[in-house]
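Naming convention: chains lettered A, B, ... in sequence-line order (proteins, then strands); numbering from 1 in each chain. Keep in mind it's a predicted model, so treat the numbers as computed, not measured.
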2 protein chains.
Amino acid sequence: MTDSYNINEYKHPLFTVDSVLFTITDSALKVLLVKRANSPFEGSWGLPGGFVDIDSDSTTDITALRKLKEKTNVEPPYLEQLQTFSGAHRDPRGFSVTLVYFALIAAQNVSTHIKSIDDVQWVDINTIQDLSIAFDHKHLIEHAKQRLQQKTLYSMVPIYCLPEYFTVGQLKSVIEIILGKTIQRKSLIRRLESTNIVEKSDEKVSSGGRLAHLYTLKSGVDIVNFERNLSA
Amino acid sequence: MTDSYNINEYKHPLFTVDSVLFTITDSALKVLLVKRANSPFEGSWGLPGGFVDIDSDSTTDITALRKLKEKTNVEPPYLEQLQTFSGAHRDPRGFSVTLVYFALIAAQNVSTHIKSIDDVQWVDINTIQDLSIAFDHKHLIEHAKQRLQQKTLYSMVPIYCLPEYFTVGQLKSVIEIILGKTIQRKSLIRRLESTNIVEKSDEKVSSGGRLAHLYTLKSGVDIVNFERNLSA
DNA sequence: TCAATAGTGTCTATGAGACACTATCAG
DNA sequence: CTGATAGTGTCTCATAGACACTATTGA
């Protein structure tokens, strides 16, 4: 190889963008996986993602959203960078760099047709070890899960796994599925009332007992971080 | 261009690795900047970094460390990924992706010769706005500073800005410089005693008054995160 | 009525903030 | 001695955990 850093002569790493998109259905945390149409790992399941289209993607965030939309028909309301993974041997084609995003969406908001297509599926996070997954994607998913759990301890991110209007009970249940443990309803309500990011609507919905108030994320707000964690 | 995603035909983004290396000297938080030898922005100051050498770097972490070592002659004891920045217009040569690391080192451990070379300098974080900085590096530095401040609220990372043996007073002072506010000595000691990551040695050093105990990071430990933040 | 879920009142536990107090060094 | 820095004792404050209690719904 040449010593020069001239763009046209330099050997570039293979750069891709992948996303770990989570949702909650059937009381379980699920990840979106896609059946690979091309080599390498053709036919096995991997994270949705691919190459940047440098002519139309303005940033890699757009790349991630575009790829997710191709698979689900919708863009997730929450997307953040997880981490970049790199190495000479993660991809048989050579040194590769993968920018991994971590995203959340409400199951209700994903086009229902997704289930009928057999090259896209939601996989229960607890059954992933049994599957054969492309590249080091199993590892990436595990990372993403830990980040989601961590953020759930000090923020309200799980709200993005819920529809626009939701009850305290629904939020509590989503948080408990993510953490794998129960939390105190009281603590959750205290947090909801101390942040300015949600609005308590006057509407109530039936939920098997007393009617529950509906909450909704205020528009344009950023997720706030609490100064203390819930107990892990 | 071609529509194909075949590796050899695909237009790749320009991928680089840059690092924001912090240290503390003269009671100020400083960032390592390097005078650019090549276009673009030849002659202005930018973050140390460059392209991955895919034949010898096993991961991008190694790339970051290698580039830092070229400039400082030592590898920082703390290095973590900050974030990846991308866009069509950050680099005049085209769509670029930069993986930015955030690193800490004790000023005492940086070879002293660094100051005599006029293409590498430590810049006070508060005077950066006055400088002309290459690319969007000013923005990247600001991001890194915020991450450092945030982590300082819930971890002991600032220890990596200190020599192997340090006093509570030194640590307190480093934290205060990073945060830009004073903290309670008592709170710091409580944290030091509640974690298992440091060891209180029997040795004491003179520091203008009563002798101070020396502490040291236990070897092989990971930084632990506290469940609460110091007040921001 | 009862079962179920929503929501409150309130006590405890943890750990940070504040700050006065004591301890020990140099000179 | 004094001044400086190290380190402690202890009270207050904020917020999470625990959990019993009340409220409101459908059947």
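- Counting any heavy atom pair closer than 4.0 Å across all strands shown, B:I183 reaches no nucleic acid atom.
- Here C:dA16 presents its C1' atom at 8 Å from CZ of A:R228, a figure rounded to the nearest Å.
- Computed from coordinates, the A:F226 CZ to C:dT14 P distance equals 22 Å when rounded to whole Å.
- Considering only the side chain of B:Q184, C:dG17 comes nearest among C:dG17, C:dG7, D:dG7.
- Put simply, CD on B:Q170 is 20 Å from P on D:dA4, counting in whole angstrom units.
- A distance of 6.0 Å or more separates the ring centres of A:H143 and A:F102.
- Residue B:K186 places a side-chain atom within donor-acceptor reach of the base of D:dG9, judged by atom type and a 3.5 Å distance cut-off alone.
- Counting any heavy atom pair closer than 4.0 Å across all strands shown, B:R191 reaches sugar-phosphate atoms only and no base atom.
- Atom pair A:I175:CD1 and D:dA16:C1' shows a separation of 14 Å (rounding to whole Å applied).
- No donor-acceptor contact under 3.5 angstrom links the side chains of A:T59 and B:S86, judged on distance only.
- Each of A:G209 and A:R190 was matched to the nucleotide of DNA chain C holding its nearest heavy atom; the match closer to the 5' end belongs to A:G209.
- At a threshold of 4.0 Å, the pair B:R90-B:D136 counts as salt-bridged, since one of the basic side-chain nitrogens sits closer than that to a carboxylate oxygen.
- The phosphate of D:dG7 has OP1 or OP2 within less than 4.0 Å of a side-chain N or O from B:H213.
- Counting only residues at least two apart or on different chains, the side chain to side chain donor-acceptor pair (under 3.5 Å) pairs with a member in residues 147-161 of chain A are A:E80-A:R147, A:E80-A:K151.
- Between the P atom of D:dG7 and the CG atom of B:L171 lies a distance of 12 Å, rounded to the nearest Å.
- If you measure from atom CD of A:E203 to atom C1' of C:dA6, you get 17 Å, rounded to the nearest angstrom.
- For the pair B:E227 and B:K204, both in contact range of DNA chain C, the more 5′-proximal nearest nucleotide belongs to B:E227.
- In terms of phosphate contacts, B:S207 brings a side-chain nitrogen or oxygen within less than 4.0 Å of OP1 or OP2 of D:dA6.
- When the side-chain nitrogen and oxygen atoms of A:R185 are compared with OP1 and OP2 of C:dG7, none of them lie within a distance under 4.0 Å.
- Both A:K181 and A:R210 sit near DNA chain D, but only A:K181 has its closest nucleotide nearer the 5' end.
- Under 3.5 Å, the side chains of B:T23 and B:K30 contain no donor-acceptor pair of N or O atoms.
- In this structure, the CG atom of A:L179 is 14 Å from the P atom of D:dA16, given to the nearest Å.
- Relative to the side chain of A:T167, the nucleotides C:dA6, D:dG7, D:dA14 differ in distance, and C:dA6 lies closest.
- Here B:S231 lies in heavy-atom contact (under 4.0 Å) with sugar-phosphate atoms only.
- To the nearest angstrom, C1' of D:dA16 lies 15 Å from CG of A:L192.
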